[in-house]
Amino acid sequence: MLMLQETYKTIGKVIEEKTGVTDAQLIDGGEHADLATTIAFTLAKQKKQAPALIAKDLAAELVKDPALTGITVEAKGPYINFIFGAAYVSEAVKAAVKPGYGSFPKKGIRVVLEHTSANPNGPLHVGHIRNSIIGDTLARVFRKAGYGLEVQYYVNDMGRQIAMVVWGFENLDSTQWEGEKEDAHIARVYIAANREIEKDPTITQQVNILMQLVEHGDPATAKKFRREVSRCLDGFKVTMKNLNVAHDRFVWESDFIRNGFTDRIIAKLKKLPQARDEDTLALDLSEFGFENKYVIRRSDGTSVYAARDLAFHAWKAANFDRVIDVLGADHKLIAAQLQCTLKLIGEKAPEIVHFEFVSLPEGSMSTRTGKFVSADDLITEIRKRAFDEVTIRRPELDEETRKSIAKSVGLAAIRYDIVKVTPEKSTVFDWKEALDFERQSGPYIQYAHARACSILEKAGTFAECYELETDQEIALAKQIAKFPSVIEKIVAELHPHILATYSRELADTFNTFYHFEQVLKSEGKIRDRRLTLVRAVQNTLKEALETLGIDAISTM
RNA sequence: GGGCUUGUGGCUUAGCUUGGACAUAGCGCCGGGCUUCUAACCCGGAUGUCGGGGGUUCGAAUCCCCCCAGGCCCGCCA
């Protein structure tokens, strides 16, 4: 299954045996080799010999080692290169043609992953869906890696924003327009309420009263809050379904007041030496480098967001082996305070994936002022653009088929475009780039997959053959072999963009192979082994695309 | 003011955690390739002080220090 890692370990072990150095200093050999070691530089100092000479001698030793049979070992200057042989390549192809390639056995580890969790005061915009897509891709990777996973959406249903929405519904003209989506309707009322409050700041008092009523569990007010939040979430669910993003459970913030978890955690926090129980209850975390007090309970006795969040995370920590949150970079400070506090009370702290902001060319997005590009608008536009493109390329297909392809292509373009960038980079949303289906795009990878499908369909039955010969064949097989280690790396580093890069490189390698090697027109064993390789790459691309949440369509 | 983070060809971007062989790719630009398995493709070319300056090292885009620029955060909001 994990040949790459096994080979890596074997080489490392043999080098240690021969040199006594524990770190074999293995690096990616790039175009020179599959792996290489730079250990000669280190040994040069000890032995007071030239690195190249040491490399030559050590390589001569390594060649003789039976553990490295089938691996070509050669010194090139100070480097020792390792090139994997036929056995490695054929094993890789054999593994990759099997359904579910890249999946790991069930680990029995329970993980809870929270993502999106946007405030329900307006539609998801292109910033929110960066969270959704990073989160959903991670979820798919974790499932593939064999973890038991529950994906949660934390519903902030007690916030000031929601109180503003409820106030707007009670005091402003708020009839839903014909055909208006629920979340867009909520946003319209929210934006209007904000305008009113700017004109008349005394409205703040009325909003405060609503918030207090909810905190104290007033049934009528709670019902109003719940109704609007639910409607907004219904809108979110439509958007997320269009993005192929799913949650297993929606967890409501207010439940942590009702079930007493928040009171319980406050009682626990009170006993900490860092607690300052004056008119407010706050923690002094200055010994951990946090300057400001971490307020848990207001002077009027009500809880703040932080308290509910602590209760929520303590609950997750108690029920899962690993807790992961996907959060915007604006949450970095409060998330660090949360982690610190959970450790103080002996609970496991969440691992957090922070992603930087998405802004518009004219500045940052804001639901409050209505300055945002909604995910729904993006989806509509991209499907239109994809439909036009499909119609140009495949005019012979009926409209239903073209629509279906356009839907998949649009989804691929959006998801890939967002996931391909490392989370720690802030980005500017650009319509032109979002609507581009060329290289370094989701559709490009889908196209490579469809191409492989087309060849396989025309080929009919063939006998699988795993002995590859040409440089192009071997390069492709070696790229295919890396897939499982990519899954493992993402689980370790929580960086889903690695999968985007890998998938694109695999598609590149396949396209190059495609243009230099005939498949269907070759004959006999050559045809069999190339078809086997095409099946392997098709299956790997399919698994990679599906892990990216993109449809692996067979024609486009 | 303090903290976090980013800065790689005209634009976008990988590599940085674990330092090594000519820095990854795309867009755009120049030149080629469809009677041949899907041209949403492929091949070749030009374009780089890896923000700037110091340091560590045989070796730095990668590690350390300082500086500059952008983003984010610093509430009895969520």
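Chain naming here is simple, since letters A, B, ... match the order of the sequence lines and numbering starts at 1 in each. Keep in mind the model is a prediction, meaning the values are calculated, not measured.
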Could you pull out the protein-nucleic contacts involving nucleotides 37-39 of chain B (nitrogen or oxygen on both sides, under 3.5 Å)?
{"from": "B/C37", "atom 1": "O3'", "to": "A/Lys458", "atom 2": "NZ", "distance (Å)": "3.2"}
{"from": "B/C37", "atom 1": "O2", "to": "A/Val519", "atom 2": "N", "distance (Å)": "3.3"}
{"from": "B/C37", "atom 1": "O2", "to": "A/Leu520", "atom 2": "N", "distance (Å)": "2.9"}
{"from": "B/C37", "atom 1": "N3", "to": "A/Val519", "atom 2": "N", "distance (Å)": "3.2"}
{"from": "B/C37", "atom 1": "N4", "to": "A/Tyr514", "atom 2": "O", "distance (Å)": "2.2"}
{"from": "B/C37", "atom 1": "N4", "to": "A/Glu517", "atom 2": "O", "distance (Å)": "2.8"}
{"from": "B/U38", "atom 1": "OP1", "to": "A/Ser454", "atom 2": "OG", "distance (Å)": "2.6"}
{"from": "B/U38", "atom 1": "OP2", "to": "A/Ser454", "atom 2": "OG", "distance (Å)": "3.2"}
{"from": "B/U38", "atom 1": "OP2", "to": "A/Lys458", "atom 2": "NZ", "distance (Å)": "2.4"}
{"from": "B/U38", "atom 1": "O2'", "to": "A/Tyr447", "atom 2": "OH", "distance (Å)": "2.2"}
{"from": "B/U38", "atom 1": "O2", "to": "A/Tyr447", "atom 2": "OH", "distance (Å)": "3.3"}
{"from": "B/U38", "atom 1": "N3", "to": "A/Met556", "atom 2": "O", "distance (Å)": "3.3"}
{"from": "B/U38", "atom 1": "O4", "to": "A/Ser554", "atom 2": "O", "distance (Å)": "3.3"}
{"from": "B/U38", "atom 1": "O4", "to": "A/Thr555", "atom 2": "OG1", "distance (Å)": "3.4"}
{"from": "B/U38", "atom 1": "O4", "to": "A/Met556", "atom 2": "N", "distance (Å)": "3.3"}
{"from": "B/A39", "atom 1": "OP2", "to": "A/Arg451", "atom 2": "NH2", "distance (Å)": "2.7"}
{"from": "B/A39", "atom 1": "OP2", "to": "A/Tyr514", "atom 2": "OH", "distance (Å)": "3.2"}

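A distance of about 12 Å separates the P atoms of B/G45 and B/G26, rounded to the whole Å.
For the pair A/Asp430 CG and B/G28 C1', the computed distance is 14 Å after rounding to whole Å.
Within 4.0 Å (heavy atoms only), A/Val390 reaches at least one base atom of the nucleic acid. Residue A/Ala36 is classed as a base contact, given a heavy-atom separation below 4.0 Å to a base. Contacts of A/Asp279 with the nucleic acid, taken as non-hydrogen atoms under 4.0 Å apart, include base atoms. Contacts of A/Asn208 with the nucleic acid, taken as non-hydrogen atoms under 4.0 Å apart, are absent.
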Annotated protein contacts, base or backbone, on nucleotides 10-19 of chain B with a non-hydrogen cut-off under 4.0 Å, one of B, S, - each: --S-SS-BB-
Letter per nucleotide, 5' to 3', of nucleotides 58-63 of chain B [B base touched, S only sugar-phosphate touched, - untouched; heavy atoms, 4.0 Å]: B-----
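B/G1 is paired with B/C74 under the Watson-Crick or G-U wobble criterion, all donor-acceptor distances under 3.5 Å. Nucleotide B/C34: unpaired (no Watson-Crick or G-U wobble partner with both distances less than 3.5 Å).
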Stepwise salt bridge (charged side-chain N to carboxylate O under 4.0 Å, His left out) test for A/Glu396 and A/Arg394: CA-CA 5 Å; A/Glu396 78 281 8; A/Arg394 305 293 300 275; 2.9 Å; yes
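In the region residues 326-334 of chain A, proximity to RNA chain B at under 4.0 angstrom, judged on heavy atoms, holds for A/Ala329, A/Asp330, A/Lys332, A/Leu333, A/Ile334. Contacts between residues 349-366 of chain A and RNA chain B, defined by a heavy-atom separation below 4.0 Å, involve A/Glu356, listed by number. Residues from residues 282-290 of chain A placing a heavy atom under 4.0 Å of any atom in RNA chain B do not occur.
At a cut-off of 3.5 angstrom, counting only N and O atoms as typed in the model, there is no donor on one side facing an acceptor on the other between the side-chain of A/Asp157 and the base of B/A78.
Phosphate proximity of B/C42 to A/Tyr444: present, with a side-chain N or O under 4.0 Å from OP1 or OP2.
By the 6.0 Å and 45° rule, A/Arg385 does not stack over the aromatic ring of A/Trp431.
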